[in-house]
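Below: the structure, in structure tokens.
This chain uses plain numbering: 1 for the first residue, then up along the sequence. In this text the structure is predicted, and so the values were computed from the model without any measurement.
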Amino acid sequence: MRQRYELGDDQWDKMKDLLPAERKAQGGRPAKDNRTMINAMLWIARSGAPWRDLPEYYGPWKSVYTRFRRWEKAGVFHQVLECLASEPDLESLMIDASIVRVHQHGAGAKGGQTQVIGRSRGGITTKIHTVVDALGCPLRIVLSPGNTHDSVIGYEMLRDLDLTDKQVIADRGYDSNRILDLLKEQQATSVIPPKKNRVKQRKCDWWLYKEPHLVECFVNKLKYRRLATRYEKLACTFAAFLSLASSLVWLA
């Protein structure tokens, strides 16, 4: 019987061929099947529970954790997301950022700043920067310390995309000369309201500006318990859970 949080048959059919083979070429004892492993990882992500509390019907928690870490180091979760996002609707691009509070158990890793953790008004936080297509499906996800300005990472993300003849929709936090100049160079349409302290106010298509709710809706879909609060000490494992959750949006 299908358990809560698990993938449906249609979702699994789209994902199964994107995952590594269940058996090694040299043979050996059959491993736990990938579907069970993915469902176990989703249970951890959605529930926010420690790995040791994984229900017994998924098998030993150490086996699931080992598979998760091996796939994370091999970039499997990122590759799956890239494959699923290979045919986006690029009529427009929307960009936004969301603050995530870091739990006290997630702030103990060595490196501090290298684990994309910073101090902001909300305390110890990490910021999730997202670019979605015209349908609100994720294209790029980048992490930064919570005290990083949106426009700094936003410029870097947009710089790596082909913006030619596209509408780029964002809030006032992305109203910077660097971003506006980039959009102008790539002949993209800027749908970014000007900051109120700008001497010369720019025009903005307020009708098109209504669409950013799609990126906000996507961010809400990421509010799994383990993502709404960051429990991960390592930025790489937190990013892996983000990629896994984002992949499910394309599978919906």
Side-chain angles (χ1 to χ4, degrees), residues 5 40-54 61-62 64-66 68-73 75 77-78 81 94-132 138-160 170-176 178-179 195 212-213 215-249:
Y5 304 147
M41 295 171 196
L42 287 174
W43 188 92
I44 290 293
R46 288 184 179 274
S47 68
W51 286 96
R52 292 176 183 272
D53 291 345
L54 186 71
W61 71 268
K62 287 186 178 179
V64 180
Y65 177 75
T66 299
F68 174 80
R69 288 289 283 155
R70 184 164 68 240
W71 284 358
E72 178 273 314
K73 291 178 181 178
F77 299 105
H78 179 69
L81 178 58
M94 288 161 274
I95 185 169
D96 200 4
S98 177
I99 287 281
V100 174
R101 187 75 177 268
V102 179
H103 192 271
Q104 60 181 356
H105 294 161
K110 294 181 180 180
Q113 189 75 6
T114 62
Q115 299 303 329
V116 294
I117 294 175
R119 185 176 294 277
S120 62
R121 289 182 180 179
I124 305 299
T125 56
T126 290
K127 188 172 287 189
I128 304 173
H129 304 264
T130 309
V131 174
V132 303
L139 300 177
R140 296 283 189 281
I141 298 177
V142 173
L143 298 177
S144 77
N147 54 357
T148 305
H149 197 279
D150 295 355
S151 63
V152 175
I153 304 300
Y155 173 80
E156 296 175 359
M157 296 175 74
L158 293 173
R159 183 184 57 188
D160 296 333
D171 60 30
R172 284 188 171 91
Y174 297 89
D175 178 29
S176 73
R178 292 179 74 199
I179 290 179
K195 293 180 180 177
H213 77 280
V215 67
E216 294 168 1
C217 289
F218 165 69
V219 171
N220 287 334
K221 292 176 183 177
L222 291 183
K223 295 303 182 180
Y224 292 21
R225 188 69 186 91
R226 206 175 183 92
L227 299 178
T229 300
R230 175 176 166 177
Y231 296 100
E232 307 300 320
K233 292 181 183 293
L234 302 179
C236 57
T237 55
F238 186 64
F241 274 122
L242 276 172
S243 294
L244 177 59
S246 299
S247 296
L248 264 63
V249 176

Non-neighbouring partners of Tyr155 that pass ring-ring contact (aromatic ring centres under 6.0 Å, His included), sequence neighbours left out: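 Listed in chain order: nothing, the list is empty.
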Any residue meeting side-chain hydrogen bond (donor to acceptor under 3.5 Å, both in side chains) with [X], in chain and number order, not counting sequence neighbours:
X	value
Thr66	none
Ser47	none
Lys73	none
Thr125	Ser120

Run the side-chain contact (heavy atoms from CB on, under 4.5 Å) test against [X] and tell me which residues pass, sequence neighbours left out.
X	answer
Asn220	none
Cys217	His213
Ala235	Gln115, Val116, Arg230

Asp150: which residues meet the salt bridge (charged side-chain N to carboxylate O under 4.0 Å, His left out) condition with it, sequence neighbours left out?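 Counting only residues at least two positions away or on another chain, Asp150 forms a salt bridge (charged side-chain N to carboxylate O under 4.0 Å, His left out) with Lys127.
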For Arg101, what residues pass the salt bridge (charged side-chain N to carboxylate O under 4.0 Å, His left out) criterion, not counting sequence neighbours?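 Checked Arg101 against salt bridge (charged side-chain N to carboxylate O under 4.0 Å, His left out); zero matches.
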Taking only residues at least two apart or on different chains, which pairs with a member in residues 219-240 satisfy ring pair (Phe, Tyr, Trp, His ring centres under 6.0 Å)?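 Qualifying pairs: His103-Tyr231.
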Quick one: which residue pairs count as a side-chain hydrogen bond (donor to acceptor under 3.5 Å, both in side chains) with a foot in residues 233-249, not counting sequence neighbours?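 Sorted result for residues 233-249: Glu232-Thr237.
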